[in-house]
There are 2 protein chains.
Amino acid sequence: MIKKSNEDAFENIRLIFTDYLERHGHRKTPERYTILREIFATEGHFDIETLYIRMKNHKYRVSRATLYNTIELLLDCNLVTKHQFGTNYAQFEKSTMLKQHDHFIFNDSGEVLEFYDPRVEQIREDLEKRFGVEVTHYALTFYGQSKSTK
Amino acid sequence: MIKKSNEDAFENIRLIFTDYLERHGHRKTPERYTILREIFATEGHFDIETLYIRMKNHKYRVSRATLYNTIELLLDCNLVTKHQFGTNYAQFEKSTMLKQHDHFIFNDSGEVLEFYDPRVEQIREDLEKRFGVEVTHYALTFYGQSKSTK
DNA sequence: TTAGATGCAAACGGTTTGCAGGGAA
DNA sequence: TTCCCTGCAAACCGTTTGCATCTAA
């Protein structure tokens, strides 16, 4: 399922996860690696229910409880990022750790566009100085629609 | 409860709401105005449950269903703004329509700081040009903690 | 008079929890 | 062998919905 050219990259992800599990005294169960693999084989954003269905379709025996549990670990070691785009359920995406980006959400379809603007980083730095705080993470999300042709 | 100096401002809010209700053929019920008053007598952010408890304490007979219903109307006429700060429940605040601002959330306490940075507006404009979209609203939220004294 | 609004309680749906059985170490 | 982890199902909790009653228009 994963393209040959991505095998090495995924192997690296695996190692990061393994290292995290070992350092925290967590067991390296097959379920955890299966979930990791499924997530990194997925493009774009996903929610727990979608992931659950997808894994069921792939004939993996997995429970929602384990999905929630494992996602928590993946968030903790920064392999996955969590979003709350104004809906009542959480959405996730695998972290690239390379390309920082923010989101534009289409009001009608919920479709997600990604963009990057370096000025966010400046805002963050000024904020930290102004209030004497330390930013651990942030979310910048725009909502809207295609420009109506006037 | 509302200071004399704010009476005029609130009267103006009332008029905006009345106008909205009339234009949309909605009834001007006492419940709706009571909820409006309670919200505008509140500083900072609130959630539905908190508002419900507060109104019960003030001996107002009100149901959660009506709160959700009325909040929907207040959102629609831009008198109230909705936030989803990563929790699984929504938070709201009365709109000032004057001071645009964004948020910093303390990871531990959930306390909310407000700040303003004009560069967000520039990012928005560039985004609209770049993708040919129209932004209806947005959210910029930073999360973190007080800087550790080194 | 009557259609829209309210209060109440049940239903809904995403997430969390309790627990018996299973498997990594 | 130990006890952490899993699957399952029930519990949880914020939000939505159904319905009988009420009331603004």
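The chains referred to below are lettered A, B, ... by the order of the sequence lines, with proteins before strands, and numbering in each begins at 1. Everything numeric here is computed off the predicted structure, so don't read it as measured data.
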Less than 4.5 Å apart, any side-chain heavy atom of [X] and any of [Y]?
X	Y	result
B:Glu38	B:Val62	no
B:Tyr20	B:His26	yes
A:His137	A:Lys82	no

Whole angstroms only, please: what is the [atom1]-[atom2] distance between [X] and [N]?
X	N	atom1	atom2	answer
B:Leu74	C:dA5	CG	P	14 Å
A:Gln84	C:dG13	CD	C1'	14 Å
B:Tyr33	C:dA5	OH	C1'	14 Å
A:Leu36	D:dC5	CG	P	16 Å
B:Phe85	D:dG14	CZ	C1'	17 Å
A:Asp47	C:dG13	CG	C1'	12 Å
B:Tyr52	D:dC13	OH	C1'	15 Å
B:Ile35	C:dA5	CD1	P	13 Å

| message | Need one value for A:Asn69: base, sugar-phosphate or nothing, where a base atom within 4.0 Å counts as base even if backbone is also close, heavy atoms only. | response | sugar-phosphate

| query | Of all the choices, D:dC5, C:dT15, D:dT15, which nucleotide is nearest to the side chain of B:Tyr89 once you look at every atom? | reply | D:dT15

| said: Can you tell me which nucleotide in C:dT6, C:dC8, D:dC8 comes closest to the side chain of A:Lys56? | reply: D:dC8

Distances for protein N/O vs nucleotides 23-25 of chain D N/O pairs under 3.5 angstrom?
unit_1 : atom_1 : unit_2  : atom_2 : d
D:dT23 : O2     : B:Arg27 : NH1    : 3.2
D:dA25 : OP1    : B:Lys28 : N      : 3.3

| task | Please give the angle, rounded to 10 degrees, between the axes at the start and the end of the helix from C:dT1-D:dA25 to C:dA25-D:dT1, where five pairs define each axis. | result | 30°

Between [X] and [N], is there a contact of a side-chain N or O with OP1 or OP2 at under 4.0 Å?
X	N	result
B:Tyr68	D:dT16	no
A:Asn88	C:dG13	no
B:Thr66	C:dG7	yes
A:Arg64	C:dG14	no

| query | What distance separates B:Glu49 CD from B:Arg54 CZ, expressed to the nearest 0.5 Å? | reply | 11.5 Å

| task | Working to the nearest 0.5 Å, report the span between CG of B:Asp76 and CD1 of B:Ile71. | result | 12.5 Å

| request: Identify whether the distance between the nearest side-chain nitrogen and carboxylate oxygen of A:Glu43 and A:Lys94 falls below 4.0 Å. | output: yes

| task | Using only heavy-atom distances, determine whether the side chains of A:His101 and A:Glu93 contain a donor-acceptor pair under 3.5 Å. | result | yes

| So, for B:Phe17 and B:Tyr33, is the gap between ring centers shorter than 6.0 Å? | yes

| Parallel, tilted or perpendicular: which describes the rings of B:Phe115 and A:Phe131, with under 30° parallel and over 60° perpendicular? | perpendicular

| task | Measure up the A:His83 and A:His103 rings against each other and bin them: parallel (under 30°), tilted (30 to 60°), perpendicular (over 60°). | result | perpendicular

